[in-house]
Amino acid sequence: MTQTTISERAPGATARPSPQISVVVPMYNEADNLSPLIARLIPVLERCTASFEVVFVDDGSRDNTLEVLRAAHAADPRVTGISFSRNFGKEVAIAAGLDHAHGDAVIIMDADLQHPPEVIETFIEKWHAGFQNVYGQRTDREGDSPLRRWLTEKFYEMFAIFGETRLPPGAGDFRLLDRKAVNALRGMPERARFSKGLYAWIGFRSIGVPFVVADRAHGESKFSYRKLTRFALDGLMSFTTVPLRIWTFIGTLVSTVALILAAYFLIKTAAYGVDVPGYASLIVSILFFAGIQLMSLGILGEYVGRIFAEVKRRPLYLVAERIGTNAIDPTNDAADSPLPVRIVSRSLQ
Ligand code: UDP
Ligand code: MG
């Protein structure tokens, strides 16, 4: 496949040297937060580095986030972005941001100013000190509702028990990743993306930087309990196969008990003759095991569904518009190519 240069691919984008730092910001209906965020972020970046870019990913917003982003790019070309054809979710938006971040280090942060831009200074210091995976560690969850906090806590407890990767407490998406770590993440084409798990899975020299989560500047959280449940299931199922394997154990246990019971009834019948009553216990055990079988089938279904989503090999996202930026690797730029052959090239990498 022929390589195309950046300037050939997007007439709007100017070929410029790679910046040192890229900041990736996923946005879903964040029109009100965009300008305040830029106003706080740019001075911090100017203090820390000579060259930077901010890559906003408009995740199919329904408000005028895209217009505000276009205006911001016109005012300052270091502000760039892409706009999805529809809402693909925060995890995919982050993946797309990484595909378009050219920096030697990439910082990921939310658009709602809950992640204080000033903390970035410490991130960059740690990066200069040799850390490749610098994560913000929230010191409290005061801003979340009590129910959400409780559910979050339970989820992380379960993840700690079953998950095959250790998650550092309080670590989220707010972080700095060295180019090496970014490339490692970009090499993971999975659809069900649980970034927190992936960040931990890739390893590299890591360190936490404590920070206090601010209140959301404008608007409200985009995560309903339904979305959070989906996210939690994706997280657990992509990092553990214990729910699948547990049925082997339960099955063996139940069969052993059944064998012992069978022996008991055989001896009892031989000694005392046929004993007809026992309808209630029979019904209860039939219902109980029918329930267990359906449950295990359901869990199998969850995994099969995810396998199905992966094997379809659809592009992770579709770009509707680029604002002053291009994917780092044009051959990997399948998402907005009209040629399906590009998608094949991505999957073979
Ligand atoms: N977000 C996104 N796509 C979505 C939902 C959220 O890009 O489908 C972005 C959102 O604009 C914000 C970040 O992800 O920048 C975190 O979202 P939010 O503040 O709603 O989550 P919370 O802070 O409640 O976890
Ligand atoms: Mg938020």
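All ligand and atom numbering here is 1-based and tracks the order in the structure.
The minimum heavy-atom distance between F84 and A96, with the atom names listed, is CZ-CB, 3.4 Å. Residues P26 and I94 approach most closely at CG-CG1, 4.1 Å, considering heavy atoms.
Of the heavy atoms in N29, none comes closer than 4.0 Å to ligand 1. Looking at R148 against ligand 1, only its side chain comes within 4.0 Å, counting heavy atoms. The parts of D110 lying near ligand 1 are both backbone and side chain, judged by heavy-atom distances below 4.0 Å. In K90, the parts holding a heavy atom less than 4.0 Å from any atom of ligand 1 are both the side chain and the backbone.
Nearest N, O or S atom of D112 to the Mg ion (ligand 2): atom OD2.
Annotation for ligand 1: atoms under 4.0 Å from non-hydrogen atoms of D59 are 2 (C), 3 (N), 4 (C), 7 (O), 8 (O). In the vicinity of D112, heavy-atom distances shorter than 4.0 Å reach the ligand 1 atoms 19 (O), 23 (O). Proximity to E30 (heavy-atom distance under 4.0 Å) selects the following atoms of ligand 1: 10 (C), 11 (O), 12 (C), 15 (O). When each atom of ligand 1 is checked for a heavy atom of Q114 under 4.0 Å away, the hits are 19 (O), 23 (O). Numbered from 1 in the order shown, with element, the atoms of ligand 1 that lie under 4.0 Å from a heavy atom of G89 read 3 (N), 8 (O).
Under the 30°/60° scheme for interplanar angles, the aromatic rings of H115 and F211 are found to stand perpendicular. Relative orientation of the F123 and F174 rings is tilted, given thresholds of 30° and 60° on the angle between their planes.
Of the protein's non-hydrogen atoms, the one nearest atom 24 (O) of ligand 1 is S221 OG, 2.5 Å. The nearest heavy-atom contact from the protein to atom 20 (O) of ligand 1 is K222 N, 2.5 Å. When hydrogens are left out, the protein atom nearest atom 21 (O) of ligand 1 is F223 CD1, 3.3 Å; that is the closest non-hydrogen contact. The single protein non-hydrogen atom nearest to atom 18 (P) of ligand 1 is R216 NH2, 3.5 Å, given as residue, atom name and distance.
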Please walk me through it: do R186 and D99 pass salt bridge (charged side-chain N to carboxylate O under 4.0 Å, His left out)?
CA-CA 7 Å; R186 290 186 59 234; D99 283 345; 2.7 Å; yes
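The CZ atom of R175 lies 13.5 Å from the CD1 atom of I120; values are rounded to the nearest 0.5 Å.
Inspection of the N64 and E67 side chains reveals no N or O donor paired with an N or O acceptor under 3.5 Å. If you check the side chains of K196 and Y156, you find a donor sitting under 3.5 Å from an acceptor. Counting only N and O atoms by type, the side chains of D173 and Y199 include a donor and acceptor under 3.5 Å apart.
Considering both main-chain and side-chain atoms, E220 never comes within under 3.5 Å of ligand 1 through any nitrogen or oxygen pair. Taking only nitrogen or oxygen atoms, main chain and side chain alike, P26 reaches within less than 3.5 Å of ligand 1.
In this structure, R205 satisfies the cation-pi test against F131, with its NZ or CZ atom closer than 6.0 Å to the six-membered ring centre and inside 45 degrees of the ring normal.
Backbone or side-chain N, O or S atoms of S221 do not reach the Mg ion (ligand 2) at under 2.8 Å.
Within the 4.0 Å heavy-atom cutoff, M109 does not count among the residues contacting ligand 1.
Judged by distance alone, the side chain of T49 and the main-chain N or O of L45 form no donor-acceptor pair under 3.5 Å.
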